[in-house]
Amino acid sequence: MYTLFPTSLLPCPPKSQSAFFPLKAKPPSSSFNSSFKLIYAQSPKPKTSQLSIISSVSTCEQTLSFNDWPQILQISIGSGDLFLGQAIHAFLVKTGSQNDAVPGNNLVNLYAKFGKLDDAQRVFDEMLVRNTITWTSLMKGYLQINDVESVFRIVSVMHKFEEEFNEHTISVILQACNTPGDWIRGEQMHGFVIKGGFEENVFVGTSLLSMYLRSGYLADAEKVFNAMAYKDVRCLNFMISEYGKMGHGEKAMDVFLHMLGSGLEPNDYTFTSIITACNGDIGVEVGRQLHGYSVKCALVSETSVGNAMITLYGKHGLVEESERVFYEMGERNLVSWTALLSAYVKNSDSEKALVRFLEVLDHGIYLDSSCLATVLDGCSECKNLELGLQIHGFVLKLGHLSDVNVGTALIDLYAKCRNLQSARMAFNGLSGKTIASFNAILAGFTEMDGNEEDDAMLLFSQLRLAGAKPDSVTFARLLTLSAGQACLLRGKSLHAYTIKTGFESDIAVGNAVITMYAKCGSIEDAYQMFSSMNDLDSISWNAMVSAYALHGQGNKAILLFQEMERQGFVPDAITILAVLQACNYSGLWEDGLFLFNEMEPKYGVRPAVEHFCCLVDLLGRSGHLSEAVDFINKSLFSDSPLLWRTLVHVCKLRGDLSFGKTASKHLLELAPEEAGSYILVSNMYAGRGMLEEAAKVRTVMNDLKVGKEAGCSWIEINNKVHRFVASGKDHPQSTEIYVTLDLLKAGMKYTPNDSTDLQLIWDPVPSQQHGRRLVDPQVW
DNA sequence: CTAGGGTTAG
């Protein structure tokens, strides 16, 4: 049933170059070497000179038996040696069989495999008889060069000529239906599959699975999967891999166990996919067992399995395990290196990643976009803009700028390094932005803590209009921005949006909601969020303790801190700082001091400069200025302007000039370039009526030409944000505001809490005191 | 005789 097909219906590319081997007669110089085939069979990529092929071909007629050519064509395809195939083509032309069905099919297949569709098409056109195999081979060729439209043109012509479609043909066509968004053709083909009774064929089934999964129809894919009578290793591997990519580790595991249960042998693909799937909801312990099992199956030395292990351990904070796999694996490639660098970056050891990146360069490996994106991530994680700029140069030189991961990493780098202008340029220049690119530029806005919120919301609406879906990171960052701007209305509407989209249950989003409400003034809503969350992490606790601190509810902060410990969450430096601040703002200086004394011995948290600042403030506010000075001098941070500034501030509050003068001297010596220091000192004198001293400090400041950045505060009333600059008169109601302010000032009375029974037990040598309760729980 | 599914790892 062969049909001759009119070539005019098929796309016929310009025949500029002939693929036919130039058969310039070259006399046989020697007899055909009978080991010819053997050489090819043994060496995967032999280097063959044109000359030896010509001489071989010329002797084919005499020495090569006619039936040997299909095997040599296989060798040609397998070894990537097109010359050899072309030689066989020449041989077939000479024997006059090139237009017959079987030789022709082989030649169409040959050229299709090498992506030479001009040549494949030409052989096809000149064939005298064609069958299903001819058509299928040609379609496969067009598919491989991503010419999907040609595939479907062939399908319709094939149909018109009532050529037979078999399971081979169907699976090729199904692959052509993989274009995202083009599921209609796929559904039609599925109907054809059922009608033609191809449903149970494992090849067709796998192609169908792939088609549905790539279009995002998991339920349909699962229906097909369950309907398949026989599933082989490749089909199961595919399903494991796809479940893993979707984060459905448990389902991937079910398929894996099904594979073992049905007696099929897992291969390297299987292990690579199932180990990767552990990154979802399974966890590293199962991953470890799989690692062991891969040893048993003798697949642990496979590069891709090792790479998957490096990544798995890296993602779970086990960098040393990643390193061990890296050193023990047989063969490493760029992916192995990138996985290792990524493990360092993810575990906050980007410096190491950047150092080891030099080793990659030393190896002379050609860098790809994934490796560059990882290194850029490393640069932004440790804010190494200098190296980042050099990598940006690499990116340009190697032509990877259009890669979306590289582009996003560049946005992130510039955003984290507070170079918002470059971040914007990278963002605007990136085509095919993803939600990650958007999140990266948002990080820049939050990093700048300036007035970028309107820009962020504008971008957000653009993104939604473009049909992109915000993720949990987007919401967390937008909420953080609203919190920074104390924009309650916007924060609330974002909160509503997270409820609607289901992201409210995400811990990071919930934590951002807590902080947003706290910073926008609603401690009740913050607590409402905190108490309604199903999953809490230590950041949630930190957020809520900080919220109480911010609202001056010291006792609640301390009780929450104790509850946090009771529930087994480990307090970190941020928790301790929040509780210290809470104690400070609420005048619970004894509790604060007690906590400070035991933070290192009991919680293993070494006090950082922020903790010292907080304690200086606490000591000063409670009237222990002399102890505060001692404390600073004994600390590691005695040359930090931060501590002295805090002390000046507290002296100003208390109107204590004797300590104030000492503190001011230190501050202005340590930070002569900061305008804020002069203003603070000047205000301290002015506060005590010493206007001459105040003016003197200002004169020094002006003489030194120290610039001053205006401080700014704002409040939201009736959905309108009112901004105030210190001593500013821009607000339309500023006259009334100042009058009211004076009235308030007149009514205020400062009552310092001068306790005398203070015991400063802090000492650089950790104290041994443990076990005291911070406050009586009944206070709450 | 010849044609078909999964290209896994960062």
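Values below: all heavy atoms of this structure, side chains included; hydrogens, waters and symmetry mates excluded. Please read all numbers here as calculations on a predicted model, not as lab measurements.
Dashed line: the shortest gap from a side-chain N or O of A:Gln74 to OP1 or OP2 of B:dC1 is not under 4.0 Å. Applying the 4.0 Å criterion to OP1 and OP2 of B:dG5, one finds that A:Lys231 has every side-chain N and O outside that range. Applying the 4.0 Å criterion to OP1 and OP2 of B:dT2, one finds that A:Lys140 has every side-chain N and O outside that range. Between A:Asn105 and B:dA3, a side-chain N or O to OP1/OP2 separation shorter than 4.0 Å is absent. An OP1 or OP2 oxygen of B:dG5 is reached within less than 4.0 angstrom by a side-chain nitrogen or oxygen of A:Gln175.
Rounding to the nearest 0.5 angstrom, the gap separating the CZ atom in A:Arg130 from the CD atom in A:Glu163 is 9.5 Å.
Between the CG atom of A:Leu73 and the C1' atom of B:dA3 there is a distance of 13 Å, given to the nearest Å.
Where stacking is scored as ring centres under 5.5 Å apart with planes under 30°, A:Trp337 does not register as stacked on the base of B:dG10. Both stacking criteria are satisfied for A:Phe203 over the base of B:dG4: a centre-to-centre distance under 5.5 angstrom and an angle between ring planes under 30 degrees.
For A:Phe326 and A:Trp337, the gap between ring centers is short of 6.0 Å. Aromatic ring centres of A:Phe165 and A:Phe192: separated by under 6.0 Å.
The base of B:dG5 lies outside donor-acceptor range of the side chain of A:Ser207, with no N or O pair under 3.5 Å.
Salt bridge annotation for A:Glu265-A:Lys296: absent, with no cationic side-chain nitrogen under 4.0 angstrom from a carboxylate oxygen.
Across B:dG6, B:dG5, B:dT7, the shortest atom-to-atom separation from the side chain of A:Asn237 is found for B:dG6.
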